[in-house]
Amino acid sequence: MPEQSALQAMRHSMAHILATAIQHLWPEAKFGVGPVVENGFYYDVDLGETKISEEDFARIEAEMQKVIAHDDVFERFEKPIDEAIVWAKETKQPYKEELLNDLKRSGTTLAKELNSEELGTIADGKSKVENVSFYKNGDFVDLCRGPHVESTGKTGAFKLQKVGGAYWRGNDQNAQMQRIYGVAFATDRELQDHLAMLEQAKKRDHRKLGQELDLFVISDLVGPGLPIFTPRGTVLRNGLIKFSEELQQDRGYEAVWAPHMTRTELYKVSGHYDKYPERFDVSSVESDDTFMMKPMNCPHVTQIYASRPRSYRDLPLRYMETTTMYRDEKSGELHGLSRVRALTQDDSHAFVRHDQIEDEIRNIIGMVKQMYLTLDMPLSVDLSFRDDSDNYFGDPKLWQEAQKILERIAREEELDYRVEPGEAAFYGPKIDIYVSDALDRRWQCATVQLDFVMPERFQLEYVDEHGEKQRPAMIHKAILGSIERFLSVYIEHTAGRFPIWVAPEQIRVITVNQEEATVNFANGILGQAQKLHLRLGVDNSNESVGKKIRAAELAKVPYVIVAGDKEIKTKQVTPRIRKDMVVIDAPVSLGIEEFLKTVANEAKARILKTSL
RNA sequence: GCCACCUUAGCUCAGUUGGCUAGAGCGCCGCUUUCGUAAAGCGGAGGUCUGGGGUUCGACUCCCCAAGGUGGCUCCA
């Protein structure tokens, strides 16, 4: 057996052992599903009024150890489908009964592949499957496809991790079960390594670093999901935004601007109004009109296009805008900077002829690649396509054509992509670019969306070379996506060790004493740095040099220079360079002006490593 | 929004089974010191124990409600 599937079988067996323990402790337990997930497994259980908390883990783990010590064989057997349904009824396992009905009707239990209205309903007539397989270990029997390890003793090291609510079959209309997560590895060593890795990841949590490095604040008075950026955090934000805007300007995008609220009518015409219940409505005491905060930008920009007649010669028209929008996300969905109620996007909209679509998307992919390469951020790509449901507006033939174009570009641009049906926007298919945070959770940042629907709904037109009216296509894009979300990932990716060009404080001067000559010298360096637009801080506090060095290290300042009699005399400094930036590990002394100019050039070039 | 858990000083955390004036380290302020590449010394200020109800002679501690947070689920950039 290949190693990977052996590990999977072991983890899946752990899920059964967990269920066995739970059945021993709570005989009335009703079981859902218990699959393998990354690094471990979970099992969904319904214990009625009884709620499991992490305090119960020790007890459950002890029972699991007993099951393992018992070393019961995982015995596979089959039952005809109808007998299996009787079994589920008799053992009072209603969730298993639902799954069996789905198996009988459709031959699968995957909710995604099933007609949602039929899900779990009683199946009449002929069955799609004859027999279903069961696994038995000791006194626990479970409907299961397998495979398993030989016996409960042939498992590895495990630990229960967390418990959370989970809707039965992922549908929030259904009952909520308790999902118990565990991690499991072949050896105890691997388990310990994994747990240590999680501890490390906690240290780079952007919410923790945001507080430690003084980047942003979330105030209860302002409200949840509404982060405020400090001077240091704003340097980061603006640095990234500037980079994005330069990329876009270089490729023909022009800046535009729209107010942050609008008459709701705009969103009724666009079709968003009913699709986005999470809007913030704004009321006016003066007028009867209804307004809302903008939850996106595309409908606004269409009005620039529509404001005058357009010729085929005008296209493509490329508008960009870095702007904030507002979405009333449900409270439980907020998460640091990753999921907020006020999000700022480096958004753009290109209006193109159909024959210009492909070039424009390549233009955009070029920008995305350049951004993420410069930032040293690995990305993965989803092609978010439609499915057969009727959630989508527009001509299905245009959709087909659009999806083909996107997939061809993804292939030719050598993007590491996968196709995700059912993930498209209601107005068109997307190329979604994801990056991962410290815990390997994927977050969508950049996106390219092809849209034939908005131009239709807003009746956008241009006149072609024959004098005929034609409809342009719209291409929506964001490179950083939500700046807030991007920062959350970027802070974790760098662990707060920002490269020189976005470092909130690029250089710190540490004075050796508080004598007048020293202070004047340090302030002189500050003056020179300001002329070069460098962000330099002077630490003239009455503390030991060692302590001030330590403070600068903790603040993750890229360059630290000590200013004392030696420097005053020689007019040379020896920068202490943050370790992640060093290429050659040798201290260099150089003239103050030369040092500052080098740093200024590095900042301009957006480099990752120092050239000193 | 749903499920579980959490909330003590600016930050990180102690605080016996309900019982004296709620503690520590860091940070902050002041004084001493004037120091050479990851923590000098001394002193001081700082808390309606998230908020509101309740139980009790007495609540940081027990119960209820609310807010905020954390981890899941659902939804999403």
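Sequence lines set the chain letters: A, B, ... in the order given, protein chains first and strands last, and positions in each chain run from 1.
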Distance check, [atom1] atoms only: [N] and [M], in whole angstrom units.
| N | M | atom1 | answer |
| --- | --- | --- | --- |
| B:U16 | B:G72 | P | 31 Å |
| B:G15 | B:C6 | P | 14 Å |
| B:A77 | B:G10 | P | 38 Å |
| B:G46 | B:U33 | P | 28 Å |
| B:U50 | B:A14 | P | 14 Å |
| B:G19 | B:C28 | C1' | 34 Å |
| B:C3 | B:G47 | P | 37 Å |

Practice task
By nearest nucleotide on RNA chain B, pick out whichever of A:Ile52 and A:Ile561 is the more 5' one.
Solution key: A:Ile52
Can you say whether a donor on the side chain of [X] sits under 3.5 Å from an acceptor on the base of [N], or the other way round?
| X | N | value |
| --- | --- | --- |
| A:Glu278 | B:G1 | no |
| A:Asn542 | B:U32 | yes |
| A:Glu515 | B:U34 | no |
| A:Arg339 | B:C76 | yes |
| A:Glu333 | B:U74 | yes |
| A:Arg485 | B:C76 | yes |
| A:Arg327 | B:C75 | no |
| A:Gln211 | B:C11 | no |

Salt-bridge present ([X], [Y]; N to O < 4.0 Å):
| X | Y | result |
| --- | --- | --- |
| A:Arg442 | A:Asp382 | yes |
| A:Arg279 | A:Asp281 | yes |
| A:Glu567 | A:Lys569 | no |
| A:Arg508 | A:Glu505 | yes |
| A:Glu484 | A:Arg339 | no |
| A:Lys330 | A:Glu278 | no |

Among [options], the nucleotide that comes nearest once only the side chain of [X] is considered:
| X | options | value |
| --- | --- | --- |
| A:Glu329 | B:A77, B:C3, B:A40 | B:A77 |
| A:Asp220 | B:A40, B:A77, B:G68 | B:G68 |
| A:Ile549 | B:U70, B:U37, B:C35 | B:U37 |
| A:Tyr167 | B:U37, B:G68, B:C2 | B:C2 |
| A:Arg550 | B:A38, B:U34, B:A40 | B:A38 |
| A:Arg179 | B:C73, B:G68, B:G36 | B:C73 |

Rounded to whole Å, how long is the line connecting atom [atom1] of [X] with atom [atom2] of [N]?
| X | N | atom1 | atom2 | answer |
| --- | --- | --- | --- | --- |
| A:Arg578 | B:U37 | CZ | C1' | 17 Å |
| A:Glu553 | B:G36 | CD | P | 18 Å |
| A:Gln161 | B:U70 | CD | P | 18 Å |
| A:Glu54 | B:C3 | CD | P | 17 Å |
| A:Arg207 | B:G69 | CZ | P | 11 Å |
| A:Asp539 | B:U37 | CG | P | 16 Å |
| A:Lys430 | B:A77 | NZ | C1' | 8 Å |
| A:His206 | B:A77 | NE2 | P | 18 Å |

Practice task
With heavy atoms under 4.0 Å as the rule, sort A:Glu567 into base, sugar-phosphate or nothing.
Solution key: base
Now, which nucleotide makes the Watson-Crick or G-U wobble pair with [N], with each of the two distances under 3.5 Å?
| N | answer |
| --- | --- |
| B:A4 | B:U70 |
| B:G23 | B:C13 |
| B:C35 | none |
| B:G30 | B:C42 |
| B:C76 | none |

Exercise for the section: Specify whether A:Phe595 and A:Tyr559 have parallel, tilted or perpendicular ring planes, treating 30° as the upper limit for parallel and 60° as the lower limit for perpendicular. Expected result: perpendicular
Practice task
Would you mind reporting whether A:Cys298 and A:His272 have side-chain heavy atoms less than 4.5 Å apart?
Solution key: yes
